[in-house]
Each structure stands twice: as C-alpha cells, then as structure tokens.
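Just so it is clear: chains get the letters A, B, ... in the order the sequence lines come, proteins before strands, and each one is counted from 1. The figures that follow rest on heavy atoms only: side chains count, while hydrogens, waters and symmetry mates do not.
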Amino acid sequence: MTTKTATVTPETIEVSIGLDRTERYDPAVIEEKWRERWERDDLYWVDDDAPGEKWYSLTMYPYPSGVLHIGHWYAFAVPDVYARVQRMRGYNVLFPMGFDAFGLPAENAAIRHGIHPAIWTSENIAAMRQQYRQMGAMIDWSREVATCTPDYYRWNQWLFLQMLERGLAYRAKGAVWWCPQDQTVLANEQVLEGNICERCGAEVFKRDLEQWYFRITDYAEELLRDTEALDWPERVKTMQRNWIGRSEGARLRFMLETGDSLEVFTTRPDTVWGATFMVLAPEHPLVAKITIPDRQADVDAYIEQARRQTEIERMSTDEARARTGVFTGGYAVNPVTDERIPVWIADYVLMGYGTGAIMAVPFGDQRDFEFARAFDLPIRAIVQSEDGPELDPATMTEAYDGPGVLVNSGPMTGKRVPEELPQIIRWLEETGRGKAEVTYRLRDWLISRQRYWGTPIPVVYCDDCGMVPVPEDQLPVELPLDAEFTPTGQSPLVTHEGFLNTTCPRCGGAARRETDTMDTFVDSSWYWFRYTSPREDEGPFDPEAAARWTPVDLYCGGIEHAILHLLYARFFTKVIRDLGLIEHGEPFLRLRNQGMILAEEGTKMSKSRGTQIAPDELVARHGADALRLHLMYLGPWDQGGPWNSRGIAGMERFIRRAYGLVTETGAGPFDQPLPEAETTPLRRLRAKAIRRVTTDLDEFQFNTMVAALIEYVNELMKLRETALIHTRDWREALETLVLLMAPSTPYVAEELWERLGMPYSVHHQSWPDYDPALTQDDAVEVVVQVNGKVRDRLLLPVDLPEADARARVLTQPKITEAIAGREPRKVIYVPGRLINIVV
RNA sequence: GCCCAGGUGGCGGAACUGGCAGACGCGCUAGCUUGAGGGGCUAGUGCCCGUUUAGGGCGUGAAGGUUCAAAUCCUUUCCUGGGCACCA
C-alpha cells in the first residue's frame, strides 16, 4: 500500500517543468477535483489483508442531530490527521465512521414537529454523511454503521440475552422522574430547575418502577485494577477510579427493637462505640416497619419531600443547606455498647450506596456531626489525637477524623487508628458483630428506558410462565415503525397492540412484550467491534475480524465521555471476553480527548442562541484544508476553547505561501553545484522540520505541529533569493514540505505532489525520514545571569567544560560591569543553557 | 456540594526534566506595491520609565513560601470549564 518516498530523478524533474507559475491557489477547484478522484479510486477503502501492522484508529461516532457543527470537525478532522500519519508510516489503518442513531432528540422531534424518528434520523444521517465528505477525512464508508437498524440492534438484544442467561441482567425497582401531567417518565435533562417538567411545566417527582439493570458492579474490581496499564490521560483514569470508588471497611449488624436486623457499611468500624443514632435513607424498606404511629405523618411528609430532590441536591455538603431529617420513633441497639439509640431518616443517606443505612458517629464524621448539632443528638468522644489538645464533644466545632488513640471504646480502648484497624475488625468478626467488607460507589447500570426510539428489550411476560426471554432465533424483536405519537410523550410501544400482544415462546399462550427499550449507551458499548465486520449476520461481529483489528489502538473523543461511556464500553468488553468472543479485556489501549469548542464569547455553543458555527460556509470561503489547520492551531486539542473567526485567514495565507513556494521553485532546474558547507543549513532545516512535526504529532500537539510547518515555510521563503533553490537539496526540501503537509492539508498536498510531477497519490507515500545528526547544533546561545538576572548572551560550544565557560564569561565587559568588582560566591553552569553568577 | 481540569500580551497560544517568559498565528502601527477586494511585500509590536543611541524597572488570576533560579514545586485563596449515573 505504501511506496518509498520518491527521490529526485531526471524524469521527475522533466515532468515538473510543466508547472504553471502564475496560477493562484483556489481551494474550491482543488478540493472538488481530488474529492472526486479519491472517491472514484476508493483511495480510503480498507483491506483486511493489506500488508503492514494493523492500526485501529477510532473516533467516537456522532449523534445524528441534523447538521454538522464545528465540534464535529474538531472531533473528527484532527484525529484524521494522525490516522493519515500512521498510514504513511506503513500501518494498515482502520478509521471507520458511523452514527449513534437511537435516542431522545429523535423522539422530541417526533412530538414537536410530527416527523417520525426513523425518518428524522435517516434524513439527518444522509445530510451529515455529505458534510463529512467535505472534511477530506480518510473514512472507509463501506463500513458505516447506524445503530437504529435492525441488523445492528438485533445484536444488542443478543448480547442482552447472553447477559440475562449469566445473571448479568436483572430486574429491580428503581426511582425515575415522573410527570403526573404527561403520565410519562422524564430524563434528568427534561427536569428543569425547581423540578418542573420541560414539556408541560407540571411539578414532577420520583417514582419507583420495575427496571432492568446490568450487573456492572460484578466487574468493579477488575475495572478499577485495569485502569493501571492503560495509556489514557491521567485525569480520565482518576475520574474513573473515583467513580468506581472502592472503600474498605466492615459491615456491622444492629438489632432494631422490631426484631429486624439492620446492616450498615462503614469505613470506620473502629468508631462504632461513638454511634449514637442511626440514619436510614427515606426509601429504605425498613422505614415503614420501624416508624411508630405518632411519627407516621412526619415521616410520610419527609419521604414525599425527598422524592422531589435530585441526587446532587441530596449529596450536597454545603453548610448553608440545612440538615434535614425526621425521627421515626424507633430504636436500635448499638452492638458494642448495648445502648438504645434512635433511628432517623434523612435524605443525605442514599439507597444506592452501601446498605442504604448508616450508623451515625457525630464525633468522627462531619455530616453526622452537623446532623447531631441540628437535632440535639448526643456526641461521644471516641478518638483522641496524640499530639493535639483533647477534644471535648461539648465544645468542638467540627468532627475529628484524623489519627489517634481510641477512648471510651470498651475492650478496644487504647488501640491506635488507623494502624490497628485490622485488629479491631478481626475482633468484630470474632464476636459476631460484623465482617470485613469492600464496597464500591459504583452502582449497577440501569438500562431500562420507558421510551420508543431504542432497542426493544427482548423478553415477554406470560401469565403462566412469567418473564420469558425471546429465543435467539426469533431476533430481532423489531421496533414497529407504524407507531402513534401522543403529545404527552408516552412510549407508543405501550399502546401498540400489534407489538404488545404476542405468544409465549415457552407455552404458546398469550403473552405481553416488554415495552421498555435499552439505554443508548448499550449501542455505543460495543459498536467498534461491528466496524470490523459490519455485515456479519451470525453474531455481533466476526470473531476473526475482531481478532485482527481489536483492541482499538487509539480512541479519540470528548472529555465529557470520560466516565459513563468509557466505563460501560470497558464493562462490555470484559463481558464479551467472558462470552469467549475475544481474548482481550480492555477495548481502548490509548485514549486522547479533545476539549470543547466554545462559542466566540466563551460560552457553550447553542443552537437556540445562534452561536453555533457552521463549517460549510467556512469551507466555501477558505477551503477544508485551511479549516483543518485552523482547528489544529486554535490551541491544545485536549483543552478546546473559544472559537476564533479571524485566525482562519492566516491559515489560508500560509497555504497560499506554501503553494506559491512549491509551484514557483519546484520546477528547477536543480543542477547548481554548491559546496556542502553552503547546503548544510538547508539540510539541517529540513531535518529539524521533520523532527518537530513528527514528535508534535505523536504527542498530539497539533498546534505546535502547525507552527513548525509555518516556520519551515517561513525559513524556506527567506532562502528563495539564494542559489540554493537550484540544488537537489532544495527539491528534496520541497518534497518534504508536501509530505509533511499531507496529513493536515490532504487536498492541497495532493495537488502540489502532482505539480511536482510525483506519482499519485501523496497519501500512499512514506513519512519522510531524516538524519538525526543534522538536528544537533554545535554551538548554542547561552544566557549569562548575574544574581538571576540576564546580563548577556554568548554563543558557546554545546560541550564546553565549566572552567572554560566560566573563564570566557568573566571577561565579558557586560558581566564585569554587572559584577562591579564583587567576588563571585557561586557559579551555576547548565551546559547549553545558562550560567548564573551569584555575588 | 462532590470528583476532574484550566487561568500567561489587545486576542488564540508557546516555553524540554525548575534554567532566556511571550515561539507561531490573529489583530494593530508605519512604509512600499495603482491588481482599491477580506490582495501582496518589508519593518515594528508585553507593560512602564528613559531615549539619537544605550539602558533600566515591572510582569504568567491573587497572597505567601522553597530555590542561585519558579509560568513550572509547596500552602492558602479567587475565578472559569467538564462530569455527577434517563442528553449523548
């Protein structure tokens, strides 16, 4: 697939005599010309069996929202540059493209504008596919995937069934936002400030519904451990680790006066002697049982109130936010002190973490402390710091969770914490009061959606057999397209008789289909496997093709996906591995995130405020090549930042200069014999340019890579009036320029390559090489400081010994003047950089 | 609120491992170019003082610290952005 870099031969020079010296750079003409040629030749078709090591370069597929905005370019055109470099380096590169085509916006469009989600989605895909073509990206369209097609979502269903069979999918109650007016479930996004329904303005609350879950927590430990080896940005790995949130501690059992036992998880079982009350989540199943009649009204009112809180509100530790809670009237017994302690409910305890109940130790936990102060509950000192003043519960102003020695702690009094925590846990285990346990913050993945535009969950409910999975040979369970959309937004599946009523696969009797659909994150949790064999109909993908291409070598996408999507994709990969379809357990070996492009004034781009930037106009005015460069040049790709409408002209100017340089001096003749001493600077220039561009690309520093290209052209421009332009080295410098530009500006590079008389295509050439010796300078400018202030600069040999450097420097007039006769107390010499004289 | 990033000229940004702050581009200023359009070329451009030249001082959100030397390391603090499990 790749050929060696063409060297200058008399033939190529002769062909290039035909260069037109007067024609100006016209991106519209050039880009149209090459787009057509590339498509005609299938230049980007990927052959599984092509020679070269594989390189799977994946970019997060877009949601087909309708039109491409500049963020899509930022996300796709920039990784395209790197995929192209890898191809020039000889890799067999897979750089596919698809659409994440199920989801809420299509349903909103259906309700608001009366257009069917299927039509809306397919029209959007068609429009966006056209726009992607402008980019000049190296996409093999023959592998395109759209997740809303039955031949794709069929395999969501298949994977679901495998998970159901293995106990990784299960049903349980879960709280969802409910709009009483529209009689529908709402996404968090649809709940506005003050718990208002986005559609009708009614006040909404949380309601418990039967939901489907994936047991991702089974993989918590592995997901945590495997982050170690990944070449991912450290910030993403940290966020994932914190999200999984491993805590070591113990599970302790308290007895309630009702006779029930109440289990709690705590990371500080050593503080159990200080547990002076207990708090249950308002949703806890034991609340109904423990509440005494007198307290019932207050408890009910509080539960009602908690249903109106978002989780973010509930978890807030803002001091201004008043601690709320109510007493149930019930009591528990502290298992180590045998004291009777009151049981409260409060919304800062979440049902989804630990056991949904806590022992409250106000002395050692800030939230418990504030709660105790607010409700006048007892605080008992159980740890004293060894070097601080003794803490008195009556006067302390905040909880103490530092190290120390246990006090008032029965047989454990005098133990050091945290050092002796293991012994304390062992004692609790031996006396039957609890056991060591590890808990994760990570919760199981709720995949049910009470919506239409998604993958139907392939189970039926039979009056006799209960829940029955749809047999694999009956997949896909197709989403009916003749659905009626009500303005309320209730899923049409619930009222679609043809879909709803079916027969039981087990007994043949009447049965009802599951009307929930899957979270669209399911679609995106394995889509990259599908690209390796997009027409496979025996399974989600051909295991042989997957073995050839996966794991993905480089995954690019927005930082906003740092947690959820990436975690779910990692989970699915491990499940698919355990199904025996692949051998690896991590999907993406290397991850690079782009930042977000903001509107020019620094705020989020918004369709409604008209601050979105449309790439089409920019392409029409400046060309796709200039737009690609401009996006790379805006700033560090991983940081994003505000759009800048002015800079693109500078990129167009750069291309025009490069274009003029190559077309005007590329024809030769190149027969001027010059001594090596005169051509060496030119060869050095070329070698340094290659080095900078290459290393910057490998580090994903596209902005400085473009700066290196610009500087290279600027330097060559300065040499344009010298005899160097008639040397072979000049010709080589120009060819190198075109090759270095090829990944970034694929259209104009192809044009210039042709104009240099080189064989089609520049995108099949090898990445240029250089002699490292040429990038080493013999002498460097060294800064001379006196007391840290720059006083002079000297050109010194790189490896000059300190004594010589010191002698040279101390005789410089500027330095003797600055020292003014004082005696140097110390001299710091950093060879090749600076000398600092301290007086 | 919690978790994760980031703050450098008029603007976007650069700065290897703690070693010349401001590369490169935009914008701006002046000059040239009659091919007067959003064209091209040349020179200048962090701020302040000084100025024929020279030179000097200040300067990386704020305050403090470590060091011969800090945009870079440490402490405190302010501001902005991303995520927070049904947007994707």
Inset, instruction - Using the test side-chain hydrogen bond (donor to acceptor under 3.5 Å, both in side chains), find all partners of A:Arg308 that sit at least two apart in sequence or belong to another chain. - result: A:Glu203
Please list, pair by pair, any protein nitrogen or oxygen found under 3.5 Å from a nitrogen or oxygen in nucleotides 53-56 of chain B.
| residue | atom | partner | partner atom | Å |
| --- | --- | --- | --- | --- |
| B:rG56 | OP1 | A:Arg791 | NH1 | 3.4 |

Legend entry - P-based separation of B:rA43 from B:rG25 [nearest Å]: 12 Å
Legend entry - All side-chain hydrogen bond (donor to acceptor under 3.5 Å, both in side chains) counterparts of A:Arg657, not counting sequence neighbours: A:Asn714
Inset, instruction - Assert yes or no for the condition that the ring centre distance of A:Phe205 to A:Trp177 is strictly below 6.0 Å. - result: no
Inset, instruction - Could you pull out all residues at least two apart from A:Tyr219 that satisfy ring-ring contact (aromatic ring centres under 6.0 Å, His included)? - result: A:Phe571
Inset, instruction - For the residue pair A:Trp643 and A:His630, categorise the inter-ring angle as parallel (less than 30°), tilted (30 to 60°) or perpendicular (more than 60°). - result: perpendicular
Inset, instruction - Tell me whether the centres of the aromatic rings in A:Trp526 and A:Phe572 are closer together than 6.0 Å. - result: no
Legend entry - Whole-angstrom distance between B:rC73 and B:rU8, as gauged at atom P: 16 Å
Legend entry - Separation of the P atoms in B:rU17 and B:rG7, to the nearest angstrom: 16 Å
Inset, instruction - Would you mind classifying the nucleic acid contact of A:Lys789 as base, sugar-phosphate or nothing, using non-hydrogen atoms under 4.0 angstrom? - result: sugar-phosphate
Legend entry - B:rG9 glycosidic torsion: syn (within 90° of 0) vs anti: syn
Inset, instruction - Describe, in one word, how the ring planes of A:His69 and A:His72 are oriented to each other, choosing from parallel (under 30°), tilted (30 to 60°) and perpendicular (over 60°). - result: tilted
Legend entry - Pairwise C1' distance for B:rC48 and B:rC16, with rounding to whole Å: 32 Å
Legend entry - Rounded C1' spacing from B:rU45 to B:rG10 in Å: 11 Å
What donor-acceptor contacts under 3.5 angstrom involve side-chain atoms of residues 207-214 of chain A, with partners at least two apart or in another chain?
| residue | atom | partner | partner atom | Å |
| --- | --- | --- | --- | --- |
| A:Gln211 | OE1 | A:Gln450 | NE2 | 3.3 |
| A:Trp212 | NE1 | A:Glu514 | OE1 | 2.7 |
| A:Tyr213 | OH | A:Lys173 | O | 3.3 |

Inset, instruction - Check A:Gln240, A:Arg241, A:Lys237 against A:Thr227 for a side chain to side chain donor-acceptor pair (under 3.5 Å) and give me the one that passes. - result: A:Arg241
Inset, instruction - Check RNA chain B for consecutive Watson-Crick or G-U pairs with both distances under 3.5 Å and list the runs of at least three as stems. - result: B:1-7 with B:78-84, B:10-12 with B:24-26, B:27-33 with B:39-45, B:46-49 with B:55-58, B:61-65 with B:73-77
Inset, instruction - Hey, can you tell me if A:Phe702 and A:Trp637 have their rings parallel, tilted or perpendicular (30° and 60° cut-offs)? - result: perpendicular
Inset, instruction - For A:Arg806, look at atom CZ and say whether over 12 heavy atoms of other residues, nucleotides or ligands are found less than 6.0 Å away. - result: no
Inset, instruction - Could you list the residues that satisfy side-chain hydrogen bond (donor to acceptor under 3.5 Å, both in side chains) with A:Tyr633, not counting sequence neighbours? - result: none
Legend entry - Distance test, side-chain N/O of A:Asn242 to OP1/OP2 of B:rC4, below 4.0 Å: yes
Strictly under 3.5 Å: I want the nitrogen or oxygen pairs between protein and nucleotides 10-14 of chain B, one per line.
| residue | atom | partner | partner atom | Å |
| --- | --- | --- | --- | --- |
| B:rG12 | O2' | A:Leu634 | O | 2.2 |
| B:rG13 | O3' | A:Asn703 | ND2 | 3.3 |
| B:rA14 | OP1 | A:Asn703 | ND2 | 2.9 |

Legend entry - Contact state string [nucleotides 80-88 of chain B, B base, S sugar-phosphate only, - no protein heavy atom under 4.0 Å]: --BSBBBBB
Inset, instruction - Return the minimal non-hydrogen interatomic distance between A:Gln594 and A:Tyr74, and the atom names on each side. - result: CG-CD2, 3.9 Å
Return the polar atom pairs (N/O with N/O) between nucleotides 39-43 of chain B and the protein under 3.5 Å, or none.
| residue | atom | partner | partner atom | Å |
| --- | --- | --- | --- | --- |
| B:rC41 | OP1 | A:Arg657 | NH1 | 3.4 |

Legend entry - A:Trp528 vs A:Tyr555, ring-ring contact (aromatic ring centres under 6.0 Å, His included): CA-CA, chis, key distance, verdict: CA-CA 10 Å; A:Trp528 65 94; A:Tyr555 195 30; 7.0 Å; no
Restricting to nitrogen or oxygen on both sides, can you table the protein-nucleotides 65-71 of chain B pairs closer than 3.5 Å?
| residue | atom | partner | partner atom | Å |
| --- | --- | --- | --- | --- |
| B:rC68 | O2' | A:Asn836 | ND2 | 3.4 |
| B:rC68 | O2 | A:Asn836 | ND2 | 2.6 |

Legend entry - Spacing of the P atoms in B:rA23 and B:rC79 (rounded, Å): 32 Å
Inset, instruction - Please measure how far the P atom in B:rC26 lies from the corresponding atom in B:rG18, and state the result in whole Å. - result: 33 Å
Legend entry - Nearest-Å distance once atom C1' is located in both B:rA14 and B:rG46: 14 Å
Inset, instruction - Would you please test A:Ser744 and A:Arg628 for side-chain hydrogen bond (donor to acceptor under 3.5 Å, both in side chains) and show each step? - result: CA-CA 7 Å; A:Ser744 310; A:Arg628 290 168 65 103; over 6 Å; no
Inset, instruction - Check A:Asn156, A:Thr147, A:Asp519, A:Thr520 against A:Thr455 for a side chain to side chain donor-acceptor pair (under 3.5 Å) and give me the one that passes. - result: A:Asn156
Legend entry - Counterpart residues, side-chain hydrogen bond (donor to acceptor under 3.5 Å, both in side chains), relative to A:Thr515 (two or more places apart): none
Inset, instruction - Taking the six-membered ring for Trp and the full ring for Phe, Tyr or His, determine whether the centres of A:Tyr527 and A:Tyr61 are under 6.0 Å apart. - result: yes
Inset, instruction - Using the six-membered ring wherever Trp is involved, compare the ring planes of A:Phe371 and A:Tyr348 and label them parallel, tilted or perpendicular (cut-offs 30° and 60°). - result: tilted
Inset, instruction - Remember a base hit wins even if backbone is also touched, and classify A:Ile710 as base, sugar-phosphate or nothing at under 4.0 Å, heavy atoms. - result: sugar-phosphate
